[in-house]
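Every number for a ligand or one of its atoms is a count from 1 in the order of the listing.
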Amino acid sequence: MLRRPGLLAFIATVGVFYLIVWHLLLREEHADVSACGTSRHPWSKGGLKGILGIGTKKRPDHDGHPISELIDGAFTSLSHLLCERSFSLEQAADRYRKRRGRHPPPGFDKWFEAAKAADAIVVEEFFDRIHHDINPFWAVDPLELRRQAHSQPQLIRVRHGEAFFETDTLNRPEFIQLWTKLVQEIMPHLPDLDMVVNVMDETRVLVPWEDMTRHFAAEQESRNLFPISEAVNEYTDYAEFDKPGYSGASEPHWIGGRQHEYWDFLAAACPPDSPARKFTRLSNFSSPIDEIFPTDTQPYTYKGFVNNVTAASDPCQQPHLRGMHGTFVESISMSTTTTLFPMFGGSKLPQNNEILIPGGMYLTDREFYSGGDTHGPPWRQKMDKVVWRGVASGGRNKEDNWWHYQRHRFVQMMNGTTVGRVENGEPEAAPSFILPPPTYSSGLQQPKGTLGPWLSTFTNVSFVHMECFPPIYDAEGRYLPDCQHTDPYMRVNAPVPMKEQYKFKFLPDVDGNSYSARWRGFLLSTSCPLKATIYAEWHDDRLFPWLHYVPFDNTFTDIYAIMDYFLNGHDAEARFIAEEGKQWAEKVLRREDMRLYVWRLLLEYARVVDPQRDRLGFVTDMVGRS
Ligand SMILES: *[C@@H]1O[C@H](CO)[C@@H](O)[C@H](O)[C@H]1NC(C)=O
Ligand SMILES: *[C@@H]1O[C@H](CO)[C@@H](O)[C@H](O)[C@H]1NC(C)=O
Ligand SMILES: *[C@@H]1O[C@H](CO)[C@@H](O)[C@H](O)[C@H]1NC(C)=O
Ligand SMILES: *[C@@H]1O[C@H](CO)[C@@H](O)[C@H](O)[C@H]1NC(C)=O
């Protein structure tokens, strides 16, 4: 029989032991930043627990609003995906093989080491974009790919452990300089390669669907987890190509000057059974917007709100976009090929075939795009308002087409005076939109006919320059900000610097000529970002709509119901998304993350353009494992 002091000591020892184990387990769970295998709910215990474990303000009980459901769903999806985070090289390589059907490319070990050193969140799915972009090139002869790239006018070359750029323009485009700097930060870990870059705003490569389908099938065929004894670890150099007098370059056929036909090029890249194939481009843009503005519910929505951003950004599914986005109306310039060609670029339509890298402007520290070191005041000090400033970009906006451009539509739809006039029976006040049909107004609490005055209480949205076409210059040759054909409908206002914008709770972002360069700054800010786009970007697989930002439709018809939700009783949810998005961006959108993405992408690219690609693979982790 135990004496009392012994029993106490025993209990104390066991207690301390349990505390230590409990502490270790909790720490482990925290380090894993996820809730793997548990049913922990984001709203549990009366407050919000972010994915990264940082509590935010209390939220009222879940009220069954569709947006609340979408936020819940996004939280759960990311929690589950984070269970797949790789902490070791073996895990990362195994997951690679499982998902890609190949061995990782040589150099994968150094890449993973760097990712670990940078505390990067490595989830194989976050790199899906790389494979989607690179895969079709497995269908093309690697030597042909090298010939295509070798002599292009805008490229970054890697030779013998050094990276530098070549350009044929005297002004040395800013994009190419920014990208080169990033590639230099990866050196000396890259094999020799030629990386052609797109320095235009507009996208360049758009291959018909039938050709792409063949290319994707060929890639599937070529997948092979060959035995480790067959693996080659060294990339092939460019000695053949770098000989003086090399003349084997092969140039794709560039199509220019047909921007008003771009929809037809796009439609050819859409699946045969997709809605886009059934519509040719608009022959002119003089007809009123109500002839094209959709009034039916879109298949990618849930009770009126976007629940699949992949589909929501896909023009193949939305033929109305042929008359509602500048890309399909009249872009500023055009130089397109319909042949698969290895070119890197910062953004593209879902059907374009560029290989995506982070947009050049995400790599600059110019305050104009990022707001500098300021990310905004705490939530409670912000105004309950929406701010947007921008130029009227998107294409050549002219007297006979301007109401088809997305930014013009957005500015008009956010203008309380304009909306009020439409509500009062004056549709001619708003050539760019029609009021959302009831199917889009799910949950909208504002009584009929009061949308205009209500908008006026919280929107601060205007252009800073109309980018009129043809341009109007003053006597000194300055491009004037106004524009006769739009002056009756909208006026330019003073720009609002990013750090001033961060004093507003809501920051919507819409496309210009291509992706919007302020997006990364918005995500890193303490405000709540909202996004409508048809462009794909490098980071799409790592950003979760309704958790890191608020998605809205490219028609913008859901924006009223969205603002009604957040402004009327769901401030905690807006704050949750603002804070969750910021914390996440600080984990996965850092410069290190962009460098790691490009690093892994360039290993993949170097392999696909290598004559020995069928045997190039990283297999060292498998040696000695069964
Ligand atoms: C513009 O297209 C419409 C049909 O969509 C046609 O009726 C009209 O005549 C065209 N206008 C011009 C100026 O070509
Ligand atoms: C979202 O849309 C895409 C493209 O239309 C489709 O392939 C995908 O299956 C959809 N995702 C979900 C979860 O429905
Ligand atoms: C919009 O915001 C700017 C910057 O804060 C401010 O100067 C301006 O007065 C605001 N305009 C309206 C109409 O509230
Ligand atoms: C808002 O619309 C009215 C006309 O409906 C227009 O006069 C005004 O300039 C517009 N405001 C802005 C900021 O564009």
Parallel, tilted or perpendicular: which one describes the rings of [X] and [Y], with boundaries at 30° and 60°?
| X | Y | answer |
| --- | --- | --- |
| H548 | W584 | parallel |
| F216 | H132 | tilted |
| Y565 | H65 | tilted |
| H408 | Y405 | tilted |
| Y489 | W402 | tilted |
| Y479 | Y473 | tilted |

Is at least one protein non-hydrogen atom found at under 4.0 angstrom from atom 7 (O) of ligand 2?
->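 No.
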For [atom], what's the nearest protein heavy-atom neighbour? Residue, atom name and distance, please.
| atom | answer |
| --- | --- |
| atom 3 (C) of ligand 2 | N308 ND2, 3.7 Å |
| atom 5 (O) of ligand 2 | A311 CB, 3.7 Å |
| atom 4 (C) of ligand 3 | V496 CG2, 3.9 Å |
| atom 9 (O) of ligand 4 | R491 NH1, 3.2 Å |

Tell me whether the guanidinium CZ or amine NZ of [X] lies under 6.0 angstrom from the six-membered ring centre of [Y] and within 45° of its axis.
| X | Y | answer |
| --- | --- | --- |
| R389 | F463 | no |
| R542 | Y597 | no |
| R214 | W209 | no |

Heavy atoms only, cut-off 4.0 Å: how does [X] contact ligand 4, side chain, backbone, both, or neither?
| X | answer |
| --- | --- |
| Y489 | backbone |
| N415 | side chain |
| Q412 | neither |

Atoms of ligand 4, numbered as shown, that sit under 4.0 Å from any heavy atom of S462 =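 Under 4.0 Å from S462, ligand 4 has these atoms: 13 (C).
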Which ligand 4 atoms, with their elements, are less than 4.0 angstrom from a heavy-atom of R421?
->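 Numbered from 1, ligand 4 contributes 4 (C), 5 (O).
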Hey, which atoms in ligand 3 end up nearer than 4.0 Å to a heavy atom of F504?
->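 Answer for ligand 3: 2 (O), 5 (O).
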What part of F458, side chain from CB on, backbone N/CA/C/O, both or neither, has a heavy atom under 4.0 Å from ligand 3?
->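 Near ligand 3, F458 shows nothing, with every heavy atom at 4.0 Å or more.
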Closest to atom 10 (C) of ligand 3 among N460, V461, N493 (heavy-atom distance) =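 Ranked by closest heavy atom to atom 10 (C) of ligand 3, first place is N460.
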